[in-house]
Amino acid sequence: MLFLSNTHYFKNGASFFAKISNENNNVPHTHEFIEIFYVISGSAFHSVNGHQSTIGMGDMFILKKSDSHFFKKKNDEPLIHRDILIKEETFKELCDGLAPDFYQNFLNKPTVLLKIRPNKIEKLESVFARIQYLSFSMLQQMNLLFKFAILNILEIYVDNDLQSLTTQNSSTQLISSILENINRPDCLSMSAADVLKSLQYDHSYICKLFKSVTNMTITEYINRNRLEYAYTLMKSSTMSLDKIAHTAGYQNYSYFYRAFTDYFKITPKKAQKEARKFEP
């Protein structure tokens, strides 16, 4: 595996380096610096830390020093990408200017993959064209513009995180709303189909999301609620078992009996008898 050091790219004390590259073949390598690249055109196979994917226009990666990656040709299609290299201390300094823990949070995340629109690529390329022009005679202005370009990319990174959090929060709010309805005693007779019917979302999406949050299907959650409510009634009321089953949402006592016994590992009759031992 190759190791690319600062001395390969940073000349005369510079902290940044950028170039357009069409290299499609490479060998696994790590670097002493932070590397950002985005695809301008074409596609290729890209491997990061052993995980291979197909990348194309608009894919942007922010690679840490520890990340090992390489490109591999796909059907002889050329891959044109912008490589941006930043010394680690300079990148950290820019991150620290945003928030004290920004850089550490970046290091703690898995490899960063972002999606950028064609108009964003055009704007970035315009900036790097100006940077190239300034590099011939105005180094101070070039470095300043380079910093703004990196901050612009970090803005994309932060915006991507915020969008993920918003999506996650929306999903959490949706499941919380569903649970609030299911947990109401007057909704114990609802089925999973009843729950889904009242929601204007794709039903398979809701089912997957619900299970990812609760580790149960909607039907499993409803049945658990019914059984635990039935057990509570056994402890707090003098209702008959038939009445308890009906109140907990079961129309068929035989089904209630089997479900209760399977869940609590005790029959409803024995559970009621034990509960009433403690009556005052």
Side-chain angles (χ1 to χ4, degrees), residues 1-40 42 44-53 55 59-74 78-114 116 121 124-125 127-157:
M1 181 184 296
L2 288 177
F3 174 73
L4 305 182
S5 69
N6 287 345
T7 54
H8 289 146
Y9 297 98
F10 302 105
K11 307 298 182 183
N12 302 319
S15 297
F16 307 97
F17 177 79
K19 67 172 182 174
I20 293 285
S21 176
N22 61 357
E23 294 179 6
N24 289 340
N25 286 313
N26 214 329
V27 293
H29 62 273
T30 58
H31 4 74
E32 193 180 357
F33 42 81
I34 303 297
E35 177 179 353
I36 301 172
F37 77 84
Y38 55 83
V39 179
I40 298 172
F45 296 113
H46 181 236
S47 177
V48 185
N49 301 323
H51 300 287
Q52 183 172 287
S53 61
I55 60 172
D59 287 332
M60 173 186 279
F61 283 81
I62 306 179
L63 302 172
K64 310 175 188 70
K65 286 170 46 175
S66 58
D67 289 327
S68 169
H69 80 123
F70 66 93
F71 299 104
K72 184 179 177 182
K73 279 188 177 181
K74 180 184 176 186
L79 178 76
I80 309 299
H81 53 98
R82 164 74 65 180
D83 293 336
I84 308 157
L85 316 181
I86 313 107
K87 284 186 176 179
E88 184 185 30
E89 60 269 24
T90 302
F91 186 78
K92 182 179 183 302
E93 180 184 327
L94 290 171
C95 291
D96 289 345
L98 298 173
D101 57 350
F102 191 99
Y103 184 66
Q104 189 58 51
N105 288 337
F106 163 75
L107 292 179
N108 292 339
K109 287 181 178 292
T111 304
V112 176
L113 166 61
L114 307 173
I116 56 176
I121 293 176
L124 285 170
E125 282 304 293
V127 171
F128 283 108
R130 290 170 62 199
I131 287 172
Q132 181 69 22
Y133 172 76
L134 291 172
S135 67
F136 293 105
S137 58
M138 306 174 72
L139 294 182
Q140 186 175 356
Q141 290 86 344
M142 180 202 75
N143 281 326
L144 183 61
L145 193 55
F146 223 129
K147 288 182 180 181
F148 278 117
I150 302 306
L151 288 172
N152 197 348
I153 290 171
L154 289 176
E155 182 184 6
I156 298 171
Y157 167 64

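- Formation of a donor-acceptor pair under 3.5 Å by the His51 side chain with backbone atoms of Val48 is not found in this model.
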Checking Phe3 against Thr30 for the side-chain contact (heavy atoms from CB on, under 4.5 Å) test, could you report, in this order, the C-alpha distance in whole Å, the side-chain angles of both residues, the deciding distance, and whether it holds?
CA-CA 5 Å; Phe3 174 73; Thr30 58; 3.4 Å; yes
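- Atom CD1 in Ile156 sits 7.0 Å away from atom CG in Leu114 (nearest 0.5 Å).
- Taking all atoms of both residues into account, the shortest heavy-atom contact from Gly42 to Val39 is O-CG1, 3.7 Å.
- Ring geometry, Phe71 versus His69: the interplanar angle exceeds 60°, so the pair is classed perpendicular (tilted spans 30 to 60°).
- Within the 4.5 Å cutoff, side-chain heavy atoms of Phe33 are placed close to those of Leu4.
- Asn49 contributes a side-chain N or O that, together with a main-chain N or O of Ser68, makes up a donor-acceptor pair within less than 3.5 Å.
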Return all side-chain donor-acceptor pairs below 3.5 angstrom for residues 128-146, not counting sequence neighbours, or 'none' if the list is empty.
| residue | atom | partner | partner atom | Å |
| --- | --- | --- | --- | --- |
| Ser135 | OG | Gln132 | O | 2.5 |
| Asn143 | ND2 | Leu139 | O | 3.4 |

Taking distance alone, no hydrogens or angles, what donor-acceptor pairs closer than 3.5 Å link side-chain atoms of residues 82-89 to residues at least two apart or in another chain?
| residue | atom | partner | partner atom | Å |
| --- | --- | --- | --- | --- |
| Arg82 | NE | Glu125 | OE2 | 3.0 |
| Arg82 | NH2 | Glu125 | OE1 | 2.9 |
| Asp83 | OD1 | His81 | ND1 | 2.8 |
| Lys87 | NZ | Ala14 | O | 3.3 |
| Glu88 | OE1 | Lys65 | NZ | 3.1 |
| Glu88 | OE2 | Tyr103 | OH | 2.7 |

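- Crowding of Lys109 atom NZ: a count of heavy atoms from other residues, nucleotides or ligands under 6.0 Å not exceeding 12.
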Please determine whether side-chain contact (heavy atoms from CB on, under 4.5 Å) holds for the pair Leu151 and Leu98, giving the CA-CA distance in whole Å, both sets of side-chain angles, and the decisive distance to 0.1 Å.
CA-CA 9 Å; Leu151 288 172; Leu98 298 173; 4.2 Å; yes
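- Side-chain atoms of Glu32 come within 3.5 Å of backbone N or O of Asn6 as a donor-acceptor pair.
- When ring centroids are compared, His46 and Phe61 come within the 6.0 Å threshold.
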Step by step, would you call Phe106 with Phe91 a side-chain contact (heavy atoms from CB on, under 4.5 Å)?
CA-CA 11 Å; Phe106 163 75; Phe91 186 78; 3.8 Å; yes
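- To the nearest 0.5 Å, the span separating CD1 on Ile40 from CD1 on Ile116 amounts to 9.0 Å.
- For the pair Val127 and Ala149, the tightest heavy-atom approach, listed with the atom from each and the gap, is CG1-CB, 3.9 Å.
- Expressed to the nearest 0.5 Å, how far CG of Leu113 lies from CD1 of Ile55 amounts to 9.0 Å.
- With hydrogens and angles ignored, the 3.5 Å screen pairs a side-chain donor or acceptor of Asp67 with a backbone N or O of Lys64.
- Considering CD1 of Ile153 and CZ of Phe148, their distance stands at 14.0 Å, rounded to 0.5 Å.
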